[in-house]
Structure formats: structure tokens, C-alpha cells
Amino acid sequence: MEIIKAIRGVKDILPEETSKWRFIEETARRWASLYGFQEIRVPIFEMTALFARSIGASTDIVEKEMYTFQDRDGTSLTLRPEGTAGTVRAYIEHHRAAQPTPQKFFYTGPMFRHERPQAGRLRQFHQFGVESFGMADPRADAEVIALLWHILHDLSLPALALEINNLGSVEDRASYRPSLIEYLRTVVERLCANCQRRITTNPLRVLDCKVASCQEATQSAPRLNHYLSEKSHCYFSAVLKGLDDLHIPYQLNHRLVRGLDYYCLTTFEVTSTALGAQNAVGAGGRYDGLVEALGGPPTPAVGFAMGLERIALLVPEKLFSSSVQRVLVYVAGFGSSGTAAGFSALDDLRRGGISAVSDFRATSLKAHLRQADRLAAHFTLILGDDEVAAGVGILRNMDTKTQHSVSLASLRQDVSALIAPC
RNA sequence: GUGGAUGUAGCUCAGUUGGUCAGAGCGCCGGAUUGUGGAUCCGGAGGUCGCGGGUUCGACACCCGUCAUCCACCCCA
């Protein structure tokens with residue numbers, strides 16, 4: 001029989017790794033709560049139009065990376081490729097703008113993009129992200145960046161760098177675009193095929209191209225920087241000042257353009273050189289027009305998302321206890337009456353709040369003790385026919401090898417008394 | 001979507017120019033110890049050599065195709 005294997009690009013997180021994942025998630029939650037962000041849980045799939053409208057119809061994500069399928073009535077649904085769209089949808093749908101308090105959310109969960117898997121890139125991957133709604137204040141940007149920075153540092157990730165750029169307002173980019181396009185046309189033959197296409201589809205991205213010839217060709221391209229309004233300039237300066245005030249080191253990168261259409265003004269990215277080609281650990285930016293574009297009231301907003309798999313690749317092993325949890329009591333029931341007595345004893349202990357396990361495959365005391373040893377049990381409750389006949393069990397301390405008789409009639413109490421120190 | 005590398009036992013890997021090459025270590029199960037774990041010794045189970053074709057007297061090895069994994073491009077978290 002042909003075995004069914006997991007889908008390409010998805011991964012099982014096995015028990016050996018879940019403690020690391022819990023550690024990462026708990027660290028992120030703790031910091032987000034500290035900053036006043038509250039957890040929001042939104043659906044894993046949404047109407048396709050939501051993503052097309054928010055992420056941008058001509059982005060790679062929407063053009064070729066979405067898991068889209070038809071519902072039974074024919075409506076087009078899509079597995080979420082990122083978390084912002086759904087969060088914004090929920091924000092609008094539940095009229096959160098009318099709430100008197102700041103609406104700051106965090107979320108975590110799986111995202112889906114149909115890409116070719118490689119180091120640090122999967123088709124189902126996990127993100128932890130935050131969205132801060134309603135505050136058009138540079139401190140909101142700095143706050144979100146600070147949160148990202150502190151989470152990553154608390155996790156002791158190596159070789160981190162924060163890059164930041166000012167994308168300006170929609171109007172700024174509208175005035176810049178024609179000059180950039182005009183310039184790109186003069187160097188079109190020096191650009192890679194991809195970038196030649198981008199001139200019409202997404203000229204800003206040409207600046208972010210990694211191909212060396214493109215980098216050179218755009219060396220003297222007009223800078224968005226020079227087209228920014230006074231307002232945009234001031235705003236960005238204030239964000240940088242905020243980062244300075246919080247002692248967060250950053251590097252300006254005027255080429256940094258994010259892949260999602262909704263960003264404006266502040267965009268940022270934290271990378272690690274300890275990763276492979278996919279070196280972005282977390283990234284985000286401001287998206288002031290998105291809520292309105294999706295039918296909500298004009299609402300400034302800023303947020304970030306971080307890739308949990310990439311973080312998991314970087315977290316030092318020492319930080320969390322990866323050792324499998326020790327078993328408290330192993331119950332070794334064997335023999336014609338001991339087997340049944342052991343099964344009952346297991347239940348008895350558990351109902352008394354004492355963690356207990358057994359291996360039903362073992363039929364001899366030797367096999368039971370071997371399993372108890374492998375499970376690193378503190379104690380083994382030995383229940384053979386002789387013990388059952390006498391109405392007792394033998395509680396063996398696996399470390400000291402000392403054994404005490406316990407009464408089956410008062411099993412919980414007797415065992416509790418003996419295991420007290422553990 | 002494109003390119004490169006790699007697919008042999010549960011795991012890590014040997015396998016010489018196609019001719020006992022179906023192997024090792026670890027792990028697993030059992031015995032030595034008729035009811036006391038970890039060590040040691042002995043024994044045992046476990047593999048359509050990714051899959052499908054082809055070349056050949058003969059293929060784990062060579063050729064073609066295919067699938068999967070990894071890495072890179074692209075893109076992004």
C-alpha cells in the first residue's frame with residue numbers, strides 16, 4: 001500500500017520540537033501583552049477578494065502564491081497568505097474603530113503561500129504579528145518596532161540587523177513614480193528581464209532587486225527621498241528619533257521596498273546573517289490607507305509580522321528545556337491478576353492528580369522497568385500477582401532503588417506521601 | 001515556475017571499473033538474570049536499494065523518465 005505523505009512544503013512539528021515552539025510563542029505573547037496588545041484570532045481562510053484588495057492585485061503573493069479554491073456555492077476562498085488582511089477585516093466588521101481604547105492586536109498561526117520550499121521558506125508557515133490601529137503618531141511606529149526588536153533579542157537570535165525606510169505617502173509616490181519610470185527607461189537594457197517587466201508593473205521594486213547589474217543601473221536613479229513631502233519627512237524623522245530615544249540601532253536603506261502594496265511611510269525589516277537566503281526574520285510597516293480601502297473608516301495603522309520557522313532555526317538550544325518531561329510514576333502491572341490491578345491503579349493515581357503512565361506492551365517486570373527507565377520515571381509502582389494477593393503494591397524509587405510497600409486500598413494517599421519531594 | 005545536489009534497514013551511512021554487495025554502527029525485540037531498569041555478552045527481527053522503464057548474460061551501480069527531499073534563483077516572514 002502506497003503510504004500517504006505530507007504535502008510538499010509543510011512540516012510536522014514533533015514533540016521534540018514543540019517545547020522550542022512554545023518557548024518562542026510564549027516569549028512573543030509576553031512581550032506583546034507588556035506593550036498592551038491583545039490577542040485576536042481570525043479565520044484561516046477568507047474571501048479571495050479580501051487578499052486581492054489588501055495585498056495588491058499585482059503582487060507575487062496574489063498573482064501566483066495563493067491557495068485559492070471554490071466553496072460549494074462557487075465563491076472563491078483563499079487560505080490566508082498573511083495576517084493583516086483578516087485582522088483589518090475583523091477590525092472593520094466589529095466596529096472596533098468606535099471603541100474608546102487603543103485597538104492593538106496580536107495574532108499567531110499558520111499562513112499559506114504556494115512557493116518552492118527552501119531553507120526558511122515553507123508553504124505552510126507560522127507567523128506572529130501585531131497590528132496597532134488608530135494612532136497616526138510616530139511613537140506608534142517606534143513602539144511596534146521596539147516590540148519586534150525586544151522579542152527577537154529576548155530570544156537571543158544572533159546577527160540581527162534592523163533596516164528602515166520611508167516610503168512616503170501615496171501622493172509622494174505618485175509624484176515620484178513618473179520620474180523613476182523615466183529614468184528606468186534610460187537604463188532598461190541593463191536591467192534583468194524581471195525588472196524590465198517591473199518598470200510598468202511595480203517600478204519601486206526595481207530598486208530592491210538583488211541582481212548586481214540592476215543595483216548598478218539604479219545607482220543614480222532619482223531617490224524617493226527627494227520627492228517626499230515635508231510632512232512625510234518630519235514624520236519619518238520623528239520615528240527615527242523615537243528609535244534613538246529607545247536606543248534601538250537601525251540602518252537606513254532607501255532601497256527597502258516591501259512586497260505588499262499597502263505599506264506607506266515607515267517600512268522596516270529585521271534580518272539575520274545566520275539564516276540562508278531567506279534572511280528576513282520579521283518585517284512590517286505603516287499602512288494608513290488599508291482600513292479605508294477595505295471599507296472601514298479612515299484609520300492609520302502600523303504593524304509587523306515575524307516568521308516563526310525562521311526564528312526556530314535561530315533560537316539557541318540552551319534557552320529552553322528540550323529534555324522530555326520526566327514521568328512521575330510508571331505503573332508496572334504484570335501477571336494474571338497484576339495486569340488488571342495495574343490498569344486500575346493507573347486510573348486511581350490519575351484521578352488523584354498524580355501523573356502516571358504505563359506501557360501496555362510490556363508483559364514482564366523486566367520489560368516494564370526498562371520502559372520506566374527510558375521514560376525517566378521517578379517511581380515505578382510494581383504490581384505482580386504476589387502483591388495483588390496481599391493487597392499491596394511496591395513503589396520503587398528509580399533513582400535510589402529504595403522500595404516501599406503501599407496499600408492498594410489507600411493507594412493515592414500512600415503514594416502521595418512517598419513521592420512528596422518530587 | 002527555473003537550476004543544482006541528493007534518495008540503500010527506524011536513524012547515520014558504507015557498497016571499489018556493472019560479476020555473492022543486501023552491509024556496518026546505533027536503535028529495537030529476546031535470552032544470559034523462572035519477578036527488579038541503565039552496563040556487558042549472545043541471539044533475533046527489520047530493506048520492492050525512491051518509483052517506472054531501458055541497456056546487459058547480469059544493474060544498488062550505466063541511460064531515460066518520474067516523484068520526493070535539500071539548497072539556490074525568484075519572492076518573502
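Here is how names work: the chains are called A, B, and so on, in the same order as the sequence lines, proteins then strands, and each is numbered from 1.
Scanning for ring pair (Phe, Tyr, Trp, His ring centres under 6.0 Å) contacts around A:F236 gives an empty result, with sequence neighbours left out. Checked against ring pair (Phe, Tyr, Trp, His ring centres under 6.0 Å), A:Y287 has the following partners two or more places apart in sequence or in another chain: A:Y262. Residues satisfying the ring pair (Phe, Tyr, Trp, His ring centres under 6.0 Å) criterion with A:F304, sequence neighbours excluded, are absent altogether. Residues that satisfy the ring pair (Phe, Tyr, Trp, His ring centres under 6.0 Å) test with A:F69, not counting sequence neighbours, are absent from this structure.
A distance of about 31 Å separates the P atoms of B:U56 and B:G3, rounded to the whole Å. Comparing the P positions of B:A9 and B:C13 gives a spacing of 12 Å, expressed to the nearest Å. Only the P atoms considered, B:G7 is 14 Å distant from B:C51, to the nearest whole Å. Comparing B:U2 with B:G65, their P atoms sit 14 Å apart, to the nearest whole Å.
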Self-check item: Under the 3.5 Å Watson-Crick or G-U criterion, the dot-bracket string of RNA chain B, with | for inter-strand pairs
Solution: (((((((..((((.....[...)))).(((((.......))))).....(((((..]....))))))))))))....

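In this model, no donor atom of one side chain and acceptor atom of the other lie less than 3.5 Å apart for A:D347 and A:S344.
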Quiz item: Could you run down nucleotides 66-74 of chain B 5' to 3' and tag each one B, S or - for protein heavy-atom contact under 4.0 Å?
Solution: ---SSSBBB

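Other residues, nucleotides and ligands place more than 12 heavy atoms under 6.0 Å from the CE atom of A:M135.
Rounded to whole Å, the distance from CG on A:L369 to P on B:U36 is 9 Å. The nearest whole Å value for the distance from the NE2 atom in A:H114 to the P atom in B:C76 is 17 Å. For the pair A:L314 CG and B:A77 P, the computed distance is 16 Å after rounding to whole Å.
Base contact: A:M398 has a heavy atom under 4.0 Å from a base atom. Looking at heavy-atom distances under 4.0 Å, A:E387 makes contact with a base. In this structure, A:A372 reaches neither bases nor backbone, as no heavy-atom distance under 4.0 Å exists between it and the strands shown. If you check every strand for non-hydrogen atoms under 4.0 Å, A:I382 touches a base.
Within the structure, salt bridge (charged side-chain N to carboxylate O under 4.0 Å, His left out) contacts touching residues 114-136 of chain A (residues at least two apart or in different chains) are A:E115-A:R121. Among pairs with a residue in residues 388-411 of chain A, those fulfilling salt bridge (charged side-chain N to carboxylate O under 4.0 Å, His left out) read A:R326-A:D399, at least two apart in sequence or across chains. The list of salt bridge (charged side-chain N to carboxylate O under 4.0 Å, His left out) pairs with a residue in residues 153-170 of chain A, not counting sequence neighbours, reads A:R30-A:D154. Sorted by first and then second residue, the pairs that involve residues 353-375 of chain A and meet salt bridge (charged side-chain N to carboxylate O under 4.0 Å, His left out), not counting sequence neighbours, are A:D359-A:R361.
Donor-acceptor pairing under 3.5 Å, judged by distance alone, is absent between the side chain of A:R374 and the base of B:G38.
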Table please: side-chain donor-acceptor pairs of residues 140-150 of chain A below 3.5 Å, with sequence neighbours left out.
from, atom 1, to, atom 2, distance (Å)
A:D141, OD1, A:Y235, OH, 2.6
A:D141, OD1, A:R286, NE, 3.1
A:D141, OD1, A:R286, NH2, 2.8
A:D141, OD2, A:T266, OG1, 2.8
A:D141, OD2, A:R286, NE, 3.0
A:E143, OE1, A:K104, NZ, 3.1
A:E143, OE2, A:K104, NZ, 3.2
A:H150, ND1, A:Y35, OH, 2.9
A:H150, ND1, A:A146, O, 3.1

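Side-chain rings of A:F45 and A:F112 stay apart, their centers remaining 6.0 Å or farther from each other.
RNA chain B lies under 4.0 Å from at least one heavy atom of each of the following residues of residues 356-368 of chain A: A:L365, A:K366.
Across B:G35, B:C76, B:C29, the shortest atom-to-atom separation from the side chain of A:F334 is found for B:G35.
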